[in-house]
Trainee: 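The structure's right below; bear with me while I get my questions together.
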Amino acid sequence: MPWQPLKRFKDPSVPKLDNLRRARAAGLRVPETWWLPAAEAALDPARVAPPPPLADGSLIVRSGSPTEDTFATSNAGQLLSLPVRDPAAFGDSLARVVAALPCDTAGRPLGAVFVQPLIAAIEAGVVFFDGFYWERTLAPGSNEGLTAGLERGRVERGHLQRGGPDGGPEGAWSDWLTAIYAPFRKQTPRIDAEIARDERGWILLQIRPALFPVARNETLSLANHREILGDPPSPWIVSVLGAAGREVLPFFAAADPAVARWDEVYAVELGERAWMNFSFFFHLMDSWGLPRTFVTEGVGGGTASTAADREILPGRFLRKAPRLLSLQIRSLAAILRSRREMDRLDQRIAEAATLAELHRVNVDALAFAIRTNFAINGVLSGLVRVRRFLRLKAAVRVVTQDMMTDYAALAMLPFAERETGLDYWLVLYGHRGPLESDPARPRFAELRDVLFRDVHFLPIEPFLPLKSRPPEPGFLLSPLYKIDEIREAFRDDLMRVWQRLRRRILALAAERVAAGDLEKAEDVFWLRGEELVNGSLRAAAAAGRERVERAAALDLPTTAGRDVIERTIASSEQKQAEVAGRRVFPGIPLGPGVLEGRVVKAESLLELLAEAARNSDLLEADAILVVAALEPSWAVVFPRVGGVVAEIGGELSHASILLREARRPAIVDCAGIFRAVSTGDRLRLDGAARQVEILDSVMAKPPGSG
C-alpha cells in the first residue's frame with residue numbers, strides 16, 4: 001500500500017492522525033502529512049521509501065497509536081517521533097517507530113505511522129488552551145528540548161485578547177488559538193497542541209485533548225477592594241469574600257448557562273488580599289459581545305485597553321441579546337426583593353449562636369450584596385450611556401452626599417451646640433465608617449471621641465453646600481436618575497446590617513474571651529472562616545496577625561497578572577526565609593498543592609524500582625520523589641507517590657504533562673534541591689509559595705538520635 005495523503009485518513013480510532021485531518025479540513029495550516037497503516041510498514045521497513053514529495057528533504061517519522069492522545073491519557077513522550085536528516089537512515093527510523101507501537105494478539109502493530117517535513121521554525125513549543133485561558137512554552141528552533149524536559153523555554157500564560165487592527169501580536173495569537181480550538185470545542189473543553197512559527201505564521205504540528213486544567217494567569221486587581229476594604233484587609237473579610245465570590249456566579253449563569261461551565265471565581269486570594277478577577281469579567285464581556293471597558297471604566301485599576309476593547313461585537317451581542325434582556329429582568333427582580341433579603345439577614349444575625357455561624361451569615365450577606373450591586377450597576381451602566389447620549393448633566397441627592405454636607409454643616413453651630421449636633425448626626429450616620437465593608441473596622445458610632453475632637457475645631461463660618469452642583473432632574477427626567485438613589489440607599493441600608501453583624505460578632509467573641517479562647521474580642525477578625533471550627537482560636541489569631549503584618553510589607557501592583565503577583569509574594573517569602581535561616585528552594589510549581597512528606601531520592605528509575613521491590617513501604621502517599629531530572633518513563637511511579645520535585649525541567653515537558661494528568665503536587669526547576677536532600681528527610685512542597693522547604697534532615701542528626 002503506498003503512502004496516503006492526510007485527507008484520506010478516515011480512522012477516528014487513531015486520534016493523533018484523525019485530529020490533524022480535522023484541523024486541515026477546517027482550513028488550518030498543518031505540515032504536509034503522509035501515512036501508512038503500521039501493519040503494512042512493519043512487513044519490511046528497510047524497503048519502505050519516503051513518500052516522493054518528501055524524499056529529498058529532512059523529515060520526521062511519527063507514531064499514530066490508538067493509545068495516544070485519547071480522553072484517558074496523552075501517553076506524552078511514551079512512543080516515538082524520530083527526525084531523519086539522512087535518507088539512508090529512514091528505514092531504520094521507521095522500523096524503530098513501528099516497533100514502539102502496541103500490537104494486537106497476533107503481534108501485528110496497531111495504528112499507523114506518518115511522516116512530515118521538518119519545519120524550519122523560528123520558534124516552536126507547546127500550548128494548552130481551554131477556550132479563554134492559555135499557557136505556552138516556546139524556544140528557538142524545534143521543541144525537542146522542551147518536551148524532553150531538558151529546558152524550560154519561554155513560558156507564558158494569559159487569556160484571549162481582542163483582535164482587530166490594533167490588537168497587535170497578542171490579538172493575532174488569540175485569533176489563531178480560537179481558530180485551532182473551534183473544530184474540537186464540542187469534543188473536548190481543553191486542547192493540548194504542539195506548535196511552531198515560521199516566516200508565514202503559526203503552524204499546528206499536533207493537537208489532542210488536554211487532560212488537566214489549564215494553569216490560569218488571570219488579570220487581577222485590588223483597585224476596588226483596596227478602596228473599600230483597606231490594604232491589607234482583615235483575614236475574616238478576605239475569607240468571606242473568597243467564599244462569597246464563588247456563590248455570585250450563579251446570578252449570571254441563571255441568565256446564561258454557559259457561565260456555569262467556565263469554572264471561574266469572582267475573587268482570588270493572594271498575599272492576604274482578595275483580588276477582583278478581571279479576567280472573568282473580560283470573559284463575560286467577550287461572550288456577550290459587550291465592550292471590555294464596561295469593566296475597567298466601572299472599577300478602575302489602570303488596565304490598558306485597545307480600540308477593540310471599547311467596541312461592541314455585533315454578532316455575539318445579537319445572539320446573546322435575549323439572555324441579556326433576561327439578565328436585566330432578573331436584575332430588576334433582585335433590586336425589588338433586596339429589602340426582604342436584608343430582613344432575613346437581620347433575623348439570621350440575631351439567631352446565630354456561634355462565630356462560625358456568623359461567618360456563614362457574612363458570606364451569604366456579602367454574596368447578596370455583590371449580586372444586588374451587579375443588578376443595580378447593570379441597570380445603571382445602560383442608563384448612564386442613555387444620559388451621555390442625551391447630554392444630560394443633572395444629578396440627584398444621595399445618602400452619602402447628605403452625610404457629608406450634614407457633617408460639614410456642624411460648623412454652622414455654636415461651639416456649645418456642636419456635641420448635641422454630632423450626636424444627632426451619629427443617629428443618622430453612625431452605622432457608616434471608614435473602610436466600612438470590612439466588619440473588622442469600627443463604625444462612626446464607635447469613634448465618637450475622635451469625631452467630637454474634630455467637630456470642636458471646625459472653623460466657625462457659614463457652609464454653603466454643593467454650591468456648584470448640577471441641577472436636579474425634572475419630573476420627566478427623574479426616572480433616568482432614580483437608579484442612582486437606589487444604589488446609594490441600598491449601600492446605606494446594607495451598612496446598617498453590617499453594623500449589627502459587627503456587634504454580634506464582637507459579642508460572641510467576648511464570650512470566647514471569657515472562656516480563654518481569645519485574648520480580646522477584636523482578635524476574632526484575625527481569623528479565617530475555616531479556623532473558627534477547630535483548633536486554638538488564640539493561636540490562630542496570633543498566626544493571622546503575623547501573616548497580615550508580613551503581607552503589609554509587600555509592594556504589590558494594583559492590577560497585574562497572577563504570575564507577577566505570585567512571583568512578588570514568593571520573592572518576599574524567600575527573603576524572609578533566608579533571614580530566618582530556613583532552607584528553602586524556589587522552583588516552578590505544576591499546581592497550587594501543598595504537601596509535607598519524606599524524601600525518596602532516586603538517581604534513576606531502574607534504581608528506584610529495584611529499591612521499591614526490596615522495600616514495599618518506600619513508595620507511599622507521604623513519599624516525595626526527588627530526582628535530578630524527569631523524563632516520561634518516570635510516569636510509572638507517579639501514582640505511587642504523594643508528590644515530585646525535580647532539579648531541572650519545565651512545566652510543559654512531557655513528564656510534567658503526565659504529572660499534571662496524575663494530579664500530583666510537583667515542583668520542577670528547583671535548583672540545588674537534589675544535592676541538598678537525602679532519602680528520609682522531611683520536605684514541605686508548597687506550590688502556592690513556589691518553593692520546597694527542608695523541614696528535617698536525617699544527615700543533620702547524630703547517630704542514635706530520634
Trainee: Any salt bridge between Asp198 and Arg200, counting N to O under 4.0 Å?
Mentor: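 No, no charged N to carboxylate O under 4.0 Å.
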Trainee: Under a 4.5 Å cut-off applied to non-hydrogen side-chain atoms, are Val600 and Val641 in contact?
Mentor: no
Trainee: Quick one about Glu264 and Asn277 (side-chain donor to acceptor, distance below 3.5 Å, no hydrogens or angles considered), yes or no?
Mentor: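 Yes.
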Trainee: Pair Arg62, Glu68 - check side chain to side chain contact (heavy atoms under 4.5 Å, CB included), show working.
Mentor: CA-CA 11 Å; Arg62 296 186 182 274; Glu68 282 184 285; over 6 Å; no
Trainee: Answer yes or no: is there a side-chain heavy-atom contact under 4.5 Å between Tyr266 and Met276?
Mentor: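 Answer yes - side chains close enough.
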Trainee: How long is the span from the CG atom in Leu249 to the CG atom in Leu284, to the nearest 0.5 Å?
Mentor: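 Reported value, rounded in 0.5 Å steps: 9.0 Å.
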Trainee: I need the single residue from Val645, Val626, Val594, Val644 that forms a side-chain contact (heavy atoms from CB on, under 4.5 Å) with Leu685. Which is it?
Mentor: Val645
Trainee: One thing to verify: whether Arg208 and Asp18 come together as a salt bridge, which I'm taking to mean a side-chain N less than 4.0 angstrom from a carboxylate O.
Mentor: no
Trainee: Test ring-ring contact (aromatic ring centres under 6.0 Å, His included) on His283 and Trp262 and set out the steps.
Mentor: CA-CA 9 Å; His283 197 175; Trp262 294 352; 3.6 Å; yes
Trainee: Check whether any side-chain heavy atom of Pro213 sits under 4.5 Å from a side-chain heavy atom of Arg663, and report yes or no.
Mentor: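 A side-chain contact under 4.5 Å exists here.
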Trainee: Mind checking whether Val115 and Trp3 have side chains closer than 4.5 Å, heavy atoms only?
Mentor: yes
Trainee: In terms of side-chain geometry, is the basic nitrogen of Arg684 or Glu693 positioned less than 4.0 Å from the acidic oxygen of its partner?
Mentor: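 Salt bridge flag = no for Glu693 with Arg684.
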Trainee: Answer whether the closest heavy-atom distance between the side chains of Ile191 and Pro209 falls below 4.5 Å.
Mentor: no
Trainee: Does Arg157 pair with Asp563 as a salt bridge, N-O distance under 4.0 Å?
Mentor: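 Yes, charged N to carboxylate O under 4.0 Å.
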Trainee: What closest approach, in Å, do Trp275 and Leu220 show between heavy atoms, and which atom pair accounts for it?
Mentor: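 Scanning both residues, the minimum pair turns out to be CB-CB, 3.7 Å.
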Trainee: Taking Tyr181 as the fixed residue, which of Trp176, Trp134, Phe129 is the one that meets the ring-ring contact (aromatic ring centres under 6.0 Å, His included) rule?
Mentor: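 So the option named by the test is Phe129.
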Trainee: For Ser63 and Ser65, which I'm curious about, is there any donor-acceptor pair between the side chains at under 3.5 Å?
Mentor: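 Ser63 vs Ser65: no donor-acceptor pair found between side chains.
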Trainee: Going by an N to O cut-off under 4.0 Å, is there a salt bridge joining Glu620 and Arg640?
Mentor: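 Salt bridge flag = no for Arg640 with Glu620.
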Trainee: Would you indicate whether the side-chain heavy atoms of Glu32 and Pro117 approach each other to under 4.5 Å?
Mentor: yes
Trainee: Do you know which two heavy atoms are closest between Ser93 and Leu82, and how far apart they sit?
Mentor: O-CD1, 3.7 Å
Trainee: Name the one of Asn19, Ile180, Leu20 that satisfies side-chain contact (heavy atoms from CB on, under 4.5 Å) with Val30?
Mentor: Leu20
Trainee: Show the numbers, then the answer: is there a ring-ring contact (aromatic ring centres under 6.0 Å, His included) between Phe128 and Tyr133?
Mentor: CA-CA 8 Å; Phe128 295 85; Tyr133 294 98; over 10 Å; no
Trainee: Just by modelled atom types, is the Arg154 backbone N or O under 3.5 Å from a matching donor or acceptor in the Glu156 side chain?
Mentor: no
Trainee: Answer yes or no: is there a side-chain heavy-atom contact under 4.5 Å between Leu17 and Arg21?
Mentor: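 Sidechains of Arg21 and Leu17: no contact.
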Trainee: How about Gln161 and Ser174: does a side-chain donor come under 3.5 Å of a side-chain acceptor?
Mentor: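 No - no donor-acceptor pair under 3.5 Å links their side chains.
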Trainee: Please evaluate residues Phe585 and Ile667 with respect to the criterion side chain to side chain contact (heavy atoms under 4.5 Å, CB included), reporting the C-alpha separation (whole Å), side-chain torsions for both, the decisive distance (0.1 Å), and the verdict.
Mentor: CA-CA 10 Å; Phe585 298 80; Ile667 290 184; over 6 Å; no
Trainee: For Phe132 and His159, take the angle between the two ring planes, folded into 0 to 90°, and tell me which bin it lands in: parallel under 30, tilted 30 to 60, perpendicular over 60.
Mentor: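 Phe132 and His159: parallel rings.
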Trainee: Tell me whether Arg162 contacts the main-chain N or O of Glu311 through its side chain, where contact means a donor paired with an acceptor under 3.5 Å.
Mentor: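 Side chain of Arg162 to backbone of Glu311: a pair is present.
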Trainee: Mind running side chain to side chain contact (heavy atoms under 4.5 Å, CB included) on Val84 and Val61 for me, showing each step along the way?
Mentor: CA-CA 7 Å; Val84 179; Val61 186; 3.9 Å; yes
Trainee: Taking NZ, NE, NH1 and NH2 as the nitrogens, is one of them in Glu647 or Lys601 under 4.0 Å from a carboxylate oxygen of the other?
Mentor: no
Trainee: For Gly242, is there any backbone N or O sitting under 3.5 Å from a side-chain donor or acceptor partner on Arg246?
Mentor: yes
Trainee: Heavy atoms, side chains only, cut-off 4.5 Å: are Trp173 and Arg136 in contact?
Mentor: yes
Trainee: Distance-only, no hydrogens or angles: does the Arg690 side chain make a donor-acceptor pair with backbone N or O of Arg567 under 3.5 Å?
Mentor: no
Trainee: Taking it one step at a time, do Leu118 and Leu59 satisfy side chain to side chain contact (heavy atoms under 4.5 Å, CB included)?
Mentor: CA-CA 5 Å; Leu118 277 177; Leu59 51 81; 5.5 Å; no
Trainee: Looking only at atom types and distance, does a side-chain atom of Asp256 sit under 3.5 Å from a main-chain N or O of Val259, one as donor and one as acceptor?
Mentor: no
Trainee: Run the salt-bridge test on Asp286 and Arg292 with the 4.0 Å N-O cut-off and return the result as yes or no.
Mentor: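 Counted as a salt bridge, because a side-chain N and a carboxylate O are separated by less than 4.0 Å.
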Trainee: Tell me if a side-chain donor or acceptor on Asp669 pairs with a main-chain N or O of Gly587 at a distance below 3.5 Å.
Mentor: no
Trainee: Is the backbone N or O of Asp11 less than 3.5 Å from a side-chain atom of Ser13, with the two atoms forming a donor-acceptor pair by type?
Mentor: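 Flag not set: sc Ser13 to bb Asp11 has no pair under 3.5 Å.
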